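Only this structure's heavy atoms are used, side chains among them; waters, hydrogens and symmetry mates stay out. Please read these numbers as outputs of a predicted model, since none were measured by experiment. Residue numbers count from 1 along this sequence.
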Amino acid sequence: MMSLSDTIAAVATGMNQGGIGVIRVSGEHAIALSDQIFIPKKSGKEIRNLASYTAAYGNIVNEKEEIIDEAIVLVMKAPSTYTKEDVVEIDCHGGIHVMKQILHLLLKKGVRLAEPGEFTKRAFLNGRIDLSQAESVMDLIAAKSDLAAKTAVSQLKGSLKEKIENIRNELIHNLAFIESALDDPEHYSLDGFDVTLDEILQHVEEEIGHLIMTAEDGKMMKEGIKTVILGKPNAGKSSVLNVLMGKERAIVTDIAGTTRDTLEEFISIQGIPLNIVDTAGIRETDDVVEKIGVDKSLEAMNQADLILYIVDSSVPLDENDFQIMESIGEKHVIILQNKSDLSSVVTREEILSHLNKPLIDISAKEKTGFEEFYKQLNDMFFHGHLSYNDEIYITNMRHKEALENALSSIQLVRQSIADSMPEDFYSIDLMTAYERLGYIIGEAVEDDLVDTIFKEFCMGK
């Protein structure tokens, strides 16, 4: 059973070979217990004697005072630490065996091995950060693009927390006024309050609605735009992937049907994150293995945010092309008319008559036309201005659900006002909206949910 009174430790740099390894210790006895395994090179530099945010150089020793490793030890004293507890960080050599030995020495002294995410969980439980900031820590660790990292840093600094707290303060202020007026009508009048409250809630509704609208972009910033490359065999799908990757990732040959399975990669193109999938060429085939690949291609297409439909301009459109165009439906699509370096037998008008979507001429062989593609991608998903600013993006689906529930409650209050319902009807839904917003920052959140969130963290964080 996890206890805040325990002193905990974990390897913060991961259990792998490296030049430096960091072992983090946190808790009431972090300094005293770490002091028992450290002998400084200079007298007076024992861990117990160090001022906060100072370091000492020395040796880590076992019970027989045999040297395990050289180390630099950094002491950080509560409450000005990550966890708001005393924290000791041991910087040792990054060998797996060495780190295990040092961790084992600490465990023998009474330290407990930290659970995944327990350091950040303590920061949350001790009030240093709210739950949205805690979740942004994991987002920052997992960020695969500059935009995802900057969005996570913004939330870590408290941008979402501040926004949610401001809305909640507005709600609770008006809720308190209603309750006061109902309890003491002689001193608090509700005359005309319904009109004032409706104006306030209209603004709140717009703010929450705007946050919800950012969730689609926020999800793509965090996870990447799920992009599927489709086309018939030998259209140049794998060549396009290689250009986007900037390296030879997929096998390219003149033999149709080379790609038999889906190939997935995460790439960032001019700051635009793409979770990109190269697929088997779609065509009618009697080859059992190739048919499985075609079925996987169609399945990937159904799950895509964006389809890059590759057309070979050097050969006529055929039934395979028509089948693909019919299957695409209303999804986001960019048509890339490949092999523009060869004589074209397919016109733009012919393609657009079957599939009226943005069309760009490219040559994967000559690597031309891709700048126009990048601009089209930006326009399609990020309104033509993909750059980091002070915008708050919702990147967590738990946050989006809480906002949607809060918005529903706000709309119920406004409906009650429109229907001239008694003021106590307002209170019920105002409190529900207040509580739903609280789920985002960790107010009134069930322990099981908190445990689930932090179990997704890595060890040592």
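At least one donor-acceptor pair under 3.5 Å links the side chain of Asn396 to the backbone N or O of Arg398. Checking side-chain atoms of Ser154 against main-chain N and O of Lys150 turns up no donor-acceptor pair under 3.5 Å. For the pair Asn338 (side chain) and Ala235 (backbone), a donor-acceptor distance under 3.5 Å is present. At distances below 3.5 Å, not a single donor-acceptor pair connects side-chain atoms of Lys144 with backbone N or O atoms of Ile267. The backbone N or O of His93 sits less than 3.5 Å from a side-chain atom of Asp69, completing a donor-acceptor pair. Of the possible donor and acceptor atoms, one in the side chain of Asp318 sits under 3.5 Å from a partner among the backbone N and O of Asn320. Checked by atom type and distance alone, the side chain of Thr432 pairs as donor or acceptor with a backbone atom of Ile428 at under 3.5 Å. Panel note: side chain Thr81, backbone Lys77; no donor-acceptor pair is recorded below 3.5 Å. The backbone N or O of Gln133 sits less than 3.5 Å from a side-chain atom of Ser136, completing a donor-acceptor pair. For Ser416 (side chain) and Leu412 (main-chain N/O), a donor-acceptor pair under 3.5 Å exists by modelled atom type.
At a threshold of 4.0 Å, the pair Asp305-Lys226 does not count as salt-bridged, since none of the basic side-chain nitrogens sits closer than that to a carboxylate oxygen. For Glu118 and Arg122, the salt-bridge test passes: some basic side-chain N is under 4.0 Å from an acidic carboxylate O.
Between the side chains of Ser238 and Asp278, a donor-acceptor pair is found at a separation under 3.5 Å. Between the side chains of Ser409 and Tyr434, no donor-acceptor pair of N or O atoms lies under 3.5 Å. Thr151 and Thr395 share no donor-acceptor pair across their side chains, judged by distance under 3.5 Å alone. In the model, Tyr309 has a side-chain atom that pairs as donor or acceptor with a side-chain atom of Asp321 under 3.5 Å. Inspection of the Gln155 and Ser132 side chains reveals no N or O donor paired with an N or O acceptor under 3.5 Å.
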task = Any chance you could lay out the side-chain contact (heavy atoms from CB on, under 4.5 Å) test for Leu140 and Val153, step after step, and finish with the verdict?
result = CA-CA 7 Å; Leu140 183 58; Val153 168; 3.8 Å; yes
side-chain contact (heavy atoms from CB on, under 4.5 Å) between Ile96 and Lys100, worked out = CA-CA 6 Å; Ile96 296 173; Lys100 282 185 175 180; 3.9 Å; yes
ask   = Taking it one step at a time, do Thr120 and Tyr82 satisfy side-chain hydrogen bond (donor to acceptor under 3.5 Å, both in side chains)?
value = CA-CA 8 Å; Thr120 305; Tyr82 184 75; 2.7 Å; yes
ask   = Run the side-chain contact (heavy atoms from CB on, under 4.5 Å) check on Leu156 and Val137 step by step: do they pass?
value = CA-CA 7 Å; Leu156 183 57; Val137 171; 3.6 Å; yes
ask   = Given Ile410 and Asp429, is the side-chain contact (heavy atoms from CB on, under 4.5 Å) satisfied, shown in steps?
value = CA-CA 7 Å; Ile410 294 297; Asp429 293 316; over 6 Å; no
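Within the 4.5 Å cutoff, no side-chain heavy atoms of Val75 are placed close to those of Val87. Side-chain contact between Val73 and Glu89 is absent, with no heavy atoms from C-beta onward closer than 4.5 Å. The closest side-chain heavy-atom distance from Leu201 to Leu171 is below 4.5 Å. Residues Leu306 and Leu377 have side chains in contact (heavy-atom distance under 4.5 Å, counting atoms from C-beta outward). Using a 4.5 Å heavy-atom threshold, the side chains of Met431 and Leu175 count as touching. Contact of the Thr13 side chain with the Ile20 side chain is not registered, since no non-hydrogen atoms from C-beta on lie closer than 4.5 Å. Using a 4.5 Å cut-off on side-chain heavy atoms (C-beta onward), Ile212 and Glu404 make contact. Using a 4.5 Å heavy-atom threshold, the side chains of Ile90 and Val22 count as separate.
In this structure, the separation between CD on Glu223 and CG on Asp139 is 9.5 Å, given to the nearest 0.5 Å. Note: Lys237 NZ to Leu230 CG = 8.5 Å, rounded to the nearest 0.5 Å. How far OG1 of Thr83 is from CG of Asn126: 6.5 Å, rounded to the nearest 0.5 Å. Expressed to the nearest 0.5 Å, how far CG of Asp361 lies from OG1 of Thr368 amounts to 9.0 Å. Considering CG of Leu241 and CD of Glu265, their distance stands at 7.0 Å, rounded to 0.5 Å. One distance of note links CD of Gln411 with CD1 of Ile208; it measures 9.0 Å at 0.5 Å rounding.
Between Ala55 and Ile72 the shortest heavy-atom distance is CB-CG2, 4.0 Å. Nearest heavy-atom pair, Leu437 versus Ile164, reported as atom, atom and distance to 0.1 Å: O-CG2, 3.5 Å. Taking every heavy atom of both residues into account, Leu33 and Leu106 meet most closely at O-CD2, 4.5 Å. Closest approach of Ala402 to Arg436, counting heavy atoms only: CB-O, 3.4 Å. In plain terms, the two heavy atoms of Ile440 and Asp130 that are nearest each other are O-OD2, 4.4 Å. Scanning all heavy atoms of the two residues, the minimum distance from Gly231 to Ile324 falls at C-CD1, 3.6 Å.
A side-chain contact (heavy atoms from CB on, under 4.5 Å) with Val228 is found for exactly one of Asn275, Val277, Ile276, namely Val277. Exactly one of Ile360, Ile362, Val346, Ile310 qualifies for a side-chain contact (heavy atoms from CB on, under 4.5 Å) with Gln337. That residue is Val346.
Annotation for Leu107: atom CG counts as buried by contact number, over 12 foreign heavy atoms lying within 6.0 Å. Shown here is Lys365, whose NZ atom has no more than 12 heavy atoms of other residues, nucleotides or ligands within 6.0 Å. Remark: Met397 CE is packed, more than 12 non-hydrogen atoms of other residues, nucleotides or ligands lying under 6.0 Å away. Within a 6.0 Å radius of CD in Gln376, more than 12 heavy atoms belonging to other residues, nucleotides or ligands are found. Heavy-atom contacts from other residues, nucleotides or ligands closer than 6.0 Å to CD of Glu206 number more than 12. In the displayed structure, Glu70 atom CD is contacted under 6.0 Å by more than 12 heavy atoms of other residues, nucleotides or ligands.
Considering only residues two or more places apart in sequence or on other chains, Asp312 meets the salt bridge (charged side-chain N to carboxylate O under 4.0 Å, His left out) condition with Lys339.
For residues 316-346, the pairs satisfying ring-ring contact (aromatic ring centres under 6.0 Å, His included) are Phe322-His354, His332-Phe381, with sequence neighbours left out. Annotation: side-chain hydrogen bond (donor to acceptor under 3.5 Å, both in side chains) contacts involving residues 160-172, sequence neighbours excluded, comprise Lys163-Glu207.
Between Phe373 and Phe370, the two ring planes are perpendicular [angle over 60°; tilted spans 30° to 60°].
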